[in-house]
Structures are given as structure tokens and as C-alpha cells.
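Here's the structure we're looking at; comments come further down.
Remember, it's a predicted structure, so these values are computed and weren't measured experimentally. Numbering starts at 1 and runs along the sequence shown.
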Amino acid sequence: MWHNIGKQLGLPTRSLVGWLVSRFLKVGNRVLEEKAVRLCGIQPGDTVLEVGHGPGLGLQSAAGLLTQPSGSLIGVDYSKYMHQMASDLLKDLLASGKVTLHHCDVAAMPLADSIVDKVFHCNCYYFWPDLRKGSAELHRVMKPGGLMVATLNLQRIAALASRGAMPGENWRPEAYMEALKDSGFVDVRIKDVQHSNRKFQAIYATSQK
């Protein structure tokens, strides 16, 4: 059962379990999504990327901060189900051109080099098949000095890993942070963040080129 839940967390499909996972992502990830948006310090004219955007809650939150005409938002997700769900939620922003969505792998994004100012993601990296390829692709599309922020609830993820719902050891923050450093990111660090009575973690990395 836990293995199936883990598969759906990494790649939700249009199924009963996938629907339940989508409900969890909408409720359980909302605070983490909104905090990731705030922590990466989005400016009104930035180009912003979210990888593994899920139902689109983080994208919706970030879009409100991009108030200048030059501000734009890009989302990528490997799940066709999540891509469609976010497309439905953000249809007006997609029609206006403010938001662009891609159904693709984080390791092969259809984006030009050095165009992104800020990257954020939530409960995402541990499902990437290859942390180094994903990290290298983030570095490729980011501008020099660009900031990446990833949020997670380490206690919850460790509990899922103990039940076999997480693939291998990639869920450990140290594995992702090492991949980020190897890909050219600097000032890679993890911090505890408090929200009301909840504690979660944020990983920061700066693109150096």
C-alpha cells in the first residue's frame, strides 16, 4: 500500500489513489507552497519557475506578486494529471500569457539558458529519477545569482521513507544539497522555518556562473 502511495505522490495519475493524493497536495502542501513563494523573494518583474507544481497552488500564489508586465511564471510537472489540474485552475493566467505550463521532466525542460530569476518547489526533489540531472537543469535555466528555494516537512518525509513510500535515499536533504553543489550552486543550506505551531524546512541555493 505505502509503495503505491509513494508512486502516486511522485507521479499522480487520474485514479482513485491519484485523486486522494491530489486532495492531500491541495490541503497538506498549501502552507509549504505559500512559504516557498515568500522565501524566494519574488520581485514584480522576475521570471519565476516552479518545478513539480502539482495542482497549481504555488503558481497561483506567485502570480499575484508578478505585477510588472515583464514578470512571468513558468511551471513544469511530469504528471499529466497535475498538469491538467493546474491548467484548469490557472486558465485565465494562461490565456493572458502571464503563466506558461510544460508537461515535462525536470531534467529536460524546454527552456532557454539563463532566463530564470527565482525557482521554488515543494515536496518534490525526492521523486526525481536523477538528482544530479535535475539539479544541473535547474542551474542551466537560472540566471547568475538566481535563488532556488525548496520546502519540505522532513519529519513527515522521514516517516514515509520508513514505510517504504520514498524511493531510495534521495529523500535525505543531504543528497539533494550535494547534487546542487555539484551542479554549480553556492551558499547551499537548510534552515528550520516556523509557521504557527508547525515546523518545516527550507533548502536554499544560489546559482553561480
Report, one line per pair, each donor and acceptor closer than 3.5 Å where one atom sits in a side chain of residues 50-74; sequence neighbours left out.
residue	atom	partner	partner atom	Å
Glu50	OE1	Leu59	N	3.4
Ser72	OG	Thr47	OG1	3.3

> Which pair of heavy atoms, one from His103 and one from Lys80, lies closest together, and at what distance?
Replying inline: NE2-N, 3.4 Å
>> So which atom in Leu32 and which in Asn153 form the shortest heavy-atom distance, rounded to 0.1 Å?
In response: CD1-N, 4.1 Å
> Could you walk me through whether Leu49 and Leu138 pass the side chain to side chain contact (heavy atoms under 4.5 Å, CB included) check?
Replying inline: CA-CA 9 Å; Leu49 167 67; Leu138 290 183; 4.3 Å; yes
>> Tyr78 vs Val106, test: side chain to side chain contact (heavy atoms under 4.5 Å, CB included). Steps then yes/no.
In response: CA-CA 8 Å; Tyr78 193 56; Val106 66; over 6 Å; no
> Can you tell me how far the CD atom of Glu33 sits from the NE2 atom of His121, to the nearest 0.5 Å?
Replying inline: 11.0 Å
> How many angstroms lie between atom OH of Tyr176 and atom OH of Tyr126, to the nearest 0.5 angstrom?
Replying inline: 10.5 Å
> Which residue pairs pass the salt bridge (Lys or Arg N to Asp or Glu O under 4.0 Å) test when at least one of the two sits in residues 87-105, sequence neighbours left out?
Replying inline: none
>> Let me confirm one number: the OG1-CD1 distance from Thr151 to Ile203, rounded to the nearest 0.5 Å.
In response: 9.5 Å
>> Pairing donors with acceptors under 3.5 angstrom, does anything connect the side chains of Asp192 and Gln201?
In response: yes
>> Suppose we screen for salt bridge (Lys or Arg N to Asp or Glu O under 4.0 Å). Which residues come up paired with Asp117, at least two apart in sequence or across chains?
In response: Lys143
> Can you check whether Tyr204 reaches Asp187 side chain to side chain, under 4.5 Å on heavy atoms?
Replying inline: no
> What are the two closest heavy atoms between Gly41 and Asp46, and how far apart are they?
Replying inline: O-OD2, 4.2 Å
>> Restricting to side-chain contact (heavy atoms from CB on, under 4.5 Å), what partner residues turn up for Ala161, sequence neighbours left out?
In response: Met166, Trp171
> How many angstroms lie between atom OH of Tyr125 and atom OG of Ser135, to the nearest 0.5 angstrom?
Replying inline: 10.5 Å
> Do you know the tightest heavy-atom contact between Met82 and Ser79?
Replying inline: N-OG, 3.1 Å
>> Filter on salt bridge (Lys or Arg N to Asp or Glu O under 4.0 Å), then keep only pairs touching residues 121-137, sequence neighbours left out; what's left?
In response: Arg132-Asp182, Glu137-Arg140
> How many angstroms lie between CG in Leu152 and CD1 in Ile190, if you round to the nearest 0.5 Å?
Replying inline: 5.5 Å
>> Tell me every residue that passes side-chain contact (heavy atoms from CB on, under 4.5 Å) with Ser87, counting only those two or more places apart in sequence or in another chain.
In response: His83, Gln84, Leu94, Leu101
> How about Leu154 and Lys199: do any of their side-chain heavy atoms sit closer than 4.5 Å?
Replying inline: no
> Counting distance only, does the side-chain N/O of His139 pair as donor-acceptor with the main-chain N or O of Gln208 below 3.5 Å?
Replying inline: yes
>> Would you compute the distance between atom CZ of Phe185 and atom NZ of Lys209 and round it to the nearest 0.5 angstrom?
In response: 8.0 Å
